[in-house]
Protein chains: 2
Amino acid sequence: MTRSPAPAPVRLRSFDRSLPMGLLRAREAAMRLFRAHLARHDLTEQRWRVLRALTAAGPDDGALDVGEVAERTFLLGPSLSRILGDLEERGLLARTVDPADQRRSLLTLTPAGRDLVAEVAPESEAIYAGIEERFGAERLAGLLADLRDLEDALSDLMPRPGDPR
Amino acid sequence: MTRSPAPAPVRLRSFDRSLPMGLLRAREAAMRLFRAHLARHDLTEQRWRVLRALTAAGPDDGALDVGEVAERTFLLGPSLSRILGDLEERGLLARTVDPADQRRSLLTLTPAGRDLVAEVAPESEAIYAGIEERFGAERLAGLLADLRDLEDALSDLMPRPGDPR
DNA sequence: CCATACTGTATAACATGTGAAGTATTCGGG
DNA sequence: CCCGAATACTTCACATGTTATACAGTATGG
């Protein structure tokens, strides 16, 4: 009786060489640098992203609607909804209904919100500067460019819903 | 009356040039490719990582304890605990107490677990091959190497607890 | 031995990620 | 006009991430 054929050993790329894991580990290492700093101001990474997006919109007429903030912060609707509720309760941002389209909420930072950003931003930028110094600013820029190219390539393989690519 | 000095405009790096966002977006683009595939087998990305780790340990004496799986899958204890409970309920893995140290659970895939891996792995690898083809295998390898260097550099700035670096 | 510190794992509590369904408003064709 | 489709958010339900805490088992110094 011939031996039954050995089951084909399952071939699987090792973790260390897998793209999603590499991206996850690098991001985790980066975020670890910021998390303690943000936590001291009762901010999570995501809330900080929202504050940043609204700051970038500018203090003058810098009202963004929820959809624009979602795009810029890369947050999904449900998370953003919760975060906006929290930031509004804390008096850091204000929501007003867009008079031209009552489905939209327009978001602006309050003075307290802007104060908080002004307080947190310097250390945040200092941490980032530390990363650039340690890894090399040019090399970092190259890596970011590669990441963007990768994102584009992957989006071709499976476009995000709503991505006009 | 002289105008009060304009408040220093808060200088913040634009999102698109920030490292954590770049890593997040790239990872999200990559995971989008795998998620639907895994969902068809009632697997999440994290559960799949656990199955892979146990597969890589080998069918023969491939028992890993929870801590080893946590390291290899890059999952934190609480998430891993929940996932192990689920996979055990589904009959995909078995937990046995390590006789040499009763604090440890030893984990092995059941035959059903190995079957599932054998079923899922080929398409998973095919998706990965598609990424390599689209982005370039060599370029991808270079990117992964850069990511690892970055991780090392960032770990120097803030070592993980327990990292002997 | 034994009290104590340490280690491996699990649980709790809260925030976010993800997909699906719900609500209010607007738009567009008949 | 008016009704159905589309849009902008929100809410729900469940899985994971993150931090702190609990707890059993093990090692260690006295």
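Throughout, protein chains are lettered first and strands after them, A, B, ... in sequence-line order, and every chain is numbered starting at 1.
- Residue B:S81 is classed as a base contact, given a heavy-atom separation below 4.0 Å to a base.
- Between B:I83 and A:S105, it is A:S105 whose nearest contact on DNA chain D lies nearer the 5' terminus.
- In the 5' to 3' direction, nucleotides of DNA chain C lying under 4.0 Å from heavy atoms of chain A begin and end at C:dA15 to C:dT26.
- When each of B:R52, B:R47, B:E45 is checked for a side-chain contact (heavy atoms from CB on, under 4.5 Å) with B:R49, only B:E45 meets the rule.
- With salt bridges taken as basic N to acidic carboxylate O contacts below 4.0 Å, none links A:E151 and B:R32.
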query = Yes or no on side chain to side chain contact (heavy atoms under 4.5 Å, CB included) for B:Y128 and B:L140, after CA distance, side-chain angles and deciding distance?
reply = CA-CA 11 Å; B:Y128 206 97; B:L140 190 57; 4.1 Å; yes

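- When the nearest nucleotides of DNA chain D are assigned to A:V66 and B:S79 by heavy-atom distance, the more 5′-ward of the two goes with A:V66.
- By the neighbour-count criterion of 12 heavy atoms within 6.0 Å, atom CD of B:E132 is densely surrounded, having more than that number from other residues, nucleotides or ligands.
- Take the nearest nucleotide of DNA chain C for B:E68 and for A:R103: the residue whose nucleotide is more 5' is B:E68.
- Here the closest heavy-atom approach between residue A:L43 and residue A:W48 is recorded as CD1-CE3, 3.9 Å.
- The two atoms that bring A:A53 and A:L64 nearest to each other are O-CD1, 3.8 Å, heavy atoms only.
- For B:R90 and B:D42, the salt-bridge test fails: no basic side-chain N is under 4.0 Å from an acidic carboxylate O.
- Nucleic acid contact for B:R82: base, since at least one base atom lies under 4.0 Å from a heavy atom of the residue.
- Crowding of B:R95 atom CZ: a count of heavy atoms from other residues, nucleotides or ligands under 6.0 Å exceeding 12.
- Nearest heavy atom pair, residue B:G91 against residue B:A112, reads O-CB, 3.8 Å.
- Shown here for B:R114 and B:L109, the closest heavy-atom pair between the two residues is NH2-O, 3.5 Å.
- Note on A:L75: only backbone sugar-phosphate atoms sit closer than 4.0 angstrom, heavy atoms only; bases stay farther off.
- The span of DNA chain D lying next to chain B, judged by atoms under 4.0 Å from heavy atoms, is bounded 5' to 3' by D:dA15 to D:dT26.
- Residue contacts for B:G77: at a heavy-atom cut-off of 4.0 Å it reaches no nucleic acid atom on any strand shown.
- Taking all atoms of both residues into account, the shortest heavy-atom contact from A:L154 to B:A26 is CD1-O, 4.0 Å.
- Non-hydrogen atoms lying under 4.0 Å from DNA chain D are contributed by A:R95, all within residues 86-102 of chain A.
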